[in-house]
Amino acid sequence: MRITLCHSNDIADGGARGFDPTATGRDTVFVVRQGEALFGWYDRCPHEGLTPLPYKRHGYLNKAGSRIVCFAHGAQFDIRTGLCLTGPC
């Protein structure tokens, strides 16, 4: 099944954006853009199950924009692979 979330240029290079494709009332997935590459992930902490990652809407990345961050626990993840790099994984 294919779901269109937005146009690729709606996400700034180096930015991230959350989406609610199943109309649950909260973002359940997010997409990170690095150049022309787009990486999509579920918006949930692998350490705490259903805990959302951002501290505010679309706030999925660290200040440098180089890693995905779970702001509840401080874990940081590789944008391309999802591999936990530091913190409680």
Side-chain angles (χ1 to χ4, degrees):
M1 171 193 285
R2 181 179 174 167
I3 298 172
T4 301
L5 300 172
C6 69
H7 294 284
S8 60
N9 60 358
D10 289 341
I11 303 171
D13 187 13
R17 184 171 167 190
F19 298 94
D20 181 12
T22 56
T24 62
R26 71 171 191 89
D27 293 338
T28 56
V29 297
F30 67 99
V31 176
V32 180
R33 181 173 183 177
Q34 289 187 325
E36 295 301 312
L38 299 168
F39 303 92
W41 300 100
Y42 287 110
D43 181 1
R44 63 179 178 224
C45 173
H47 178 244
E48 278 295 322
L50 297 178
T51 300
L53 294 168
Y55 67 98
K56 68 177 184 174
R57 187 141 195 247
H58 310 306
Y60 295 95
L61 305 178
N62 64 0
K63 190 173 183 176
S66 60
R67 294 181 179 174
I68 298 166
V69 175
C70 174
F71 285 91
H73 305 101
Q76 296 189 27
F77 305 89
D78 183 83
I79 291 170
R80 294 180 174 267
T81 66
L83 180 69
C84 186
L85 302 172
T86 185
C89 301

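In terms of modelled atom types and a separation under 3.5 Å, the side chain of Arg33 and the main chain of Gly35 share a donor-acceptor contact. With hydrogens and angles ignored, the 3.5 Å screen pairs a side-chain donor or acceptor of Trp41 with a backbone N or O of Ile79. With hydrogens and angles disregarded, a donor-acceptor distance shorter than 3.5 Å links the side chain of Thr24 to the backbone of Arg26. Looking only at distances, no side-chain donor or acceptor of Arg17 sits under 3.5 Å from a matching main-chain atom of Val31.
Residue Leu38 is grouped with residue Phe19 when hydrophobic side chains (ILVMFWY) are merged at heavy-atom distances under 4.5 angstrom, including chains of intermediate members. Transitive grouping of hydrophobic side chains (ILVMFWY, heavy atoms separated by less than 4.5 Å) brings Ile11 and Ile3 into a common cluster.
Between Tyr60 and Phe30, the angle of the ring planes stays under 30°, which puts this pair in the parallel group of the 30/60° scheme.
With a 4.5 Å cut-off on side-chain heavy atoms, Leu61 and Val69 do not count as touching. Looking at His58 and Asp27, their side chains come closer than 4.5 Å, going by heavy atoms from C-beta outward. In this structure, the side chains of Phe71 and Pro52 stay at 4.5 Å or more apart for every pair of heavy atoms. By the 4.5 Å heavy-atom criterion applied to side chains, Asp43 and Leu53 are counted as neighbours.
Residues Cys70 and Cys45 come closest through the heavy atom pair SG-SG, 3.6 Å. Residues Cys6 and Asp10 share a closest heavy-atom pair of CB-OD2, 3.5 Å. Summarising the geometry of Leu5 relative to Pro21, their closest heavy-atom pair is CD2-CB, 3.9 Å, with the distance given to 0.1 Å.
Taking 4.0 Å as the cut-off between side-chain N and carboxylate O, Asp78 and Arg67 do not count as a salt-bridged pair.
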query: Checking side chain to side chain contact (heavy atoms under 4.5 Å, CB included) for the pair Gln76/Asn62: CA distance, chi angles, key distance, verdict?
result: CA-CA 8 Å; Gln76 296 189 27; Asn62 64 0; 3.9 Å; yes
